[in-house]
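Whatever order the structure lists ligands and atoms in, that order sets their numbers, starting from 1.
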Amino acid sequence: MSAYRHIKIPTTGEKITVENGKLKVPDQAIVGYVEGDGIGPDITKACLRIWDAAVEKAYGGTRKIHWCETYLGEKAAGLYDGNYCPDETLKVLQDLVVSIKGPLTTPVGGGFRSLNVALRQDLDLYACVRPVRHYAGVPSPLKNPGKVDVVLFRENTEDVYAGIEYKTGTPENEKIAKFLREEMKAKFFEGAGIGIKPISEFGSKRLVRKAIQYAIDNGRESVTLVHKGNIQKFTEGAFRNWGYEVAREEFGSVTITEEQLYAEYKGKQPEGKIVIKDRIADIMFQMMLLRPDEFDVLATTNLNGDYLSDAIAAEVGGMGIAPGANIADHVAVFEATHGTAPKYANLNKVNPGSLLFSGVMMLEYMGWNEAADLITLVYPEVIADGIVTYDFARQIDGAKEVGTSQFADALIERINGGVDLEAKRKALQAQLIKERKQREIRRLLQPMEEMIDSGRVPQTVADLMTRSLITVTDSETVESAMHVMTDNDVSSVVVEPNADGVWGIVTRRDIVAKIVHAGKNPATTRVQDVCTRPVASVPAELSIREAAARISDSDYSRMTVEQSGKIIGIVTETDIFNAVDKFGWAQE
Ligand code: NAP
């Protein structure tokens, strides 16, 4: 059946297929693997044993992976007359849909494309996916690394990686510089190297679509669009806008924006809805150190994702155990994220963690979560026993250093020793629910502080307004209303609707003008005689800029904020001033 030269498709299993846009994984599934160069064979051998043991234990023999070895890198060069990236390997990876690979040597010198770039381009693996979470016992520079649990989706095909660059001094550079200066009136220094950053609607949307679908499939709380749109409006800013668009248009029934979370749901996340939010890239680096538990799934452009994924991986114990995958619409290649560490090749020494957890990701991708969970749950137990490879041993006092295959033995022993998966899952779930409640309480009680602390940039009037409405009634005396203002330290109070259902407002300025200046007695004058009615009101979703325009065009400095016919807060020119002072002002 096989038209391949060296690849043998196992006859014992069935291929994974795609049906109606969904992966169909048979119980006897064929999965491709590439051993990799350098330390690749050591870690691959160890991991194949661990994955097989987990699948066997989880499904009692009813499910099994039938491995199909495929070739890239040095092993391929040996078999295919010096070809590091044979066409038949690219073909089989596409054909098998799901595969996993060890690290590969990129041959130095002309004539070779980087193997990883070749794979990415030929299979159109447009999403680079990196889950980053902490495993108890793994050395980390953070105080509470357990709070880090995110999955980063990095766009893999465009941005400054598109390779559109013009070296200074070349005719191409001069041509484009002339065009930019003369036709586009752009200003930049003489002799500048020039690079172009294309970000498309197609590329952005398919990446964000994948991130949202992942969040839905895995019960995640939020998807954060990470961008530098405050500076690069038509590339990074457009990525953000297209991200919100795809959420609204294709996942409208299961997503809400962060603005809606505050304005419509008072900070309490409705069951079954995923929150779509966005953060400026530089703030995201801070947030992943200060409040990592607020983030779940991240969707980023290519360069930001490159930086961010390595920075976050370092938070939970470094690159040594960070897993990854490059995924197209369905075809997925899971991979160790480190290199071939040639000095350790065939020494049975290095940590198999990165490839191991890439395999865990792969099992989850196949829907074999029970097997994936087994590995995830026993791993910290083995580390807690102090059984680790050299890289962790040098960071953990009293640890027992073992080789790659002995580490695999320890994990397999634990897997076979019996793990109460259900009890562990329940404990984890209870912990997640508790953390979620705590976040909701903070959002409910201190929305403004929460916004500032969580790096969110205010967008609408609802983000700025004071939510606790202080009201008086028409029939109260002005003196009583003044006491209410003093006691609550506010400069205005809202007047409850009159018989016609119309709201009013009375301000300190009204007292000065209509009581003191007019020579009236506050103890005998009623609120209804000095209040302004109807009150100027704006919808909660009005943009800050439009609110500023309304205030500028009128002679009042505050407006009530309305939603579904109800007044839910009050916004003043001081609120707008403070927000701009705090967050800066980026023009749309
Ligand atoms: P590297 O292979 O990742 O190794 C750098 C260092 O990282 C090692 O010396 C070792 O640190 C540590 N390390 C890496 N993997 C480890 C593991 N599994 N367990 C414990 N420690 C581990 O990076 P490199 O030396 O820059 O690159 C070597 C080759 O790999 C190059 O040909 C490069 O092109 C290729 N590469 C391939 C991929 C890929 O295929 N995805 C990715 C990156 C690089 P200590 O020395 O401190 O023990």
Side-chain angles (χ1 to χ4, degrees), residues 32-48 50 70-77 84-85 89-90 93 99-123 125 128-130 135 138-140 154 156 161 305-307 309-310 313-314 316-327 332-362 379 382-383 387-396 399 401-408 411:
Y33 78 96
V34 176
E35 202 174 51
D37 301 325
I39 54 174
D42 274 353
I43 57 175
T44 303
K45 263 186 233 118
C47 289
L48 287 172
I50 302 168
T70 70
Y71 309 98
L72 287 167
E74 287 164 6
K75 200 162 179 180
Y84 282 75
C85 187
T89 301
L90 295 173
L93 294 179
S99 53
I100 187 158
K101 75 182 220 347
L104 295 169
T105 308
T106 291
V108 185
F112 293 108
R113 267 198 303 173
S114 149
L115 294 175
N116 293 317
V117 173
L119 268 185
R120 213 176 295 156
Q121 288 177 346
D122 288 24
L123 303 180
L125 306 170
C128 173
V129 186
R130 295 271 197 96
Y135 292 95
V138 173
S140 150
R154 165 187 165 198
N156 231 352
Y161 293 72
D306 192 359
Y307 297 149
S309 55
D310 283 6
V316 296
M319 302 300 298
I321 64 160
N326 289 302
I327 307 184
V333 180
F334 296 81
E335 64 173 6
T337 56
H338 55 68
T340 56
K343 65 182 176 186
Y344 295 126
N346 304 315
L347 296 183
N348 184 35
K349 186 170 173 72
V350 296
N351 194 336
S354 176
L355 189 65
L356 177 67
F357 287 113
S358 300
V360 168
M361 242 179 121
M362 182 184 79
Y379 181 84
V382 173
I383 305 284
I387 301 173
V388 291
T389 44
Y390 83 98
D391 51 325
F392 282 3
R394 64 190 175 191
Q395 300 176 67
I396 304 174
E401 181 182 328
V402 296
T404 313
S405 67
Q406 288 70 34
F407 183 77
L411 269 178

Gap separating the CG atom of Leu347 from the CG atom of Asp42, nearest 0.5 angstrom: 7.5 Å
Looking at Gly36 and Pro41, what are the two nearest heavy atoms and their distance? O-CD, 3.4 Å
of all protein heavy atoms, closest to atom 25 (O) of ligand 1 is Pro342 CD, 4.6 Å
Distance from atom 18 (N) of ligand 1 to nearest protein heavy atom, with residue and atom: Asn351 O, 2.8 Å
Shortest protein heavy-atom distance from atom 36 (N) of ligand 1, along with the residue and atom involved: Gly339 CA, 3.4 Å
Heavy atom to atom 4 (O) of ligand 1, shortest distance: which of Ala336, Gly38, Ala341, Pro103 holds it? Ala341
Can you tell me which portion of Thr340 lies within the under-4.0 Å heavy-atom range of ligand 1? Options are side chain, backbone, both, or neither. both
Classify the ring geometry between Tyr390 and Tyr344 as parallel (under 30°), tilted (30 to 60°) or perpendicular (over 60°). tilted
Could you tell me which non-hydrogen atom of Thr389 sits nearest to which non-hydrogen atom of Pro352, and how far apart they are? CG2-CD, 4.3 Å
Ligand 1 atoms in contact with Tyr390 (distance to a heavy atom under 4.0 Å): 10 (C), 11 (O), 20 (C), 21 (N), 22 (C), 45 (P), 48 (O)
With heavy-atom distances below 4.0 Å as the criterion, list the atoms of ligand 1 near Lys343. 9 (O), 46 (O)
Non-hydrogen atoms of Thr105 and Asp37 that approach each other most closely: N-OD2, 2.8 Å
When you compare ligand 1 with Leu104, is there at least one nitrogen or oxygen pair between them that comes in under 3.5 angstrom? yes
I need the atoms of ligand 1 closer than 4.0 Å to a non-hydrogen atom of Ile39, numbered in the order shown. 15 (N), 18 (N)
Atom 42 (C) of ligand 1: the protein heavy-atom neighbour that sits closest, reported with distance to 0.1 Å: His338 O, 3.5 Å
In ligand 1, the atoms that come under 4.0 Å of a heavy atom of Arg394 are 45 (P), 47 (O), 48 (O)
Below 4.0 angstrom from a heavy atom of Asn116, which ligand 1 atoms are there? Numbered from 1 as shown, please. 39 (C), 40 (O), 41 (N)
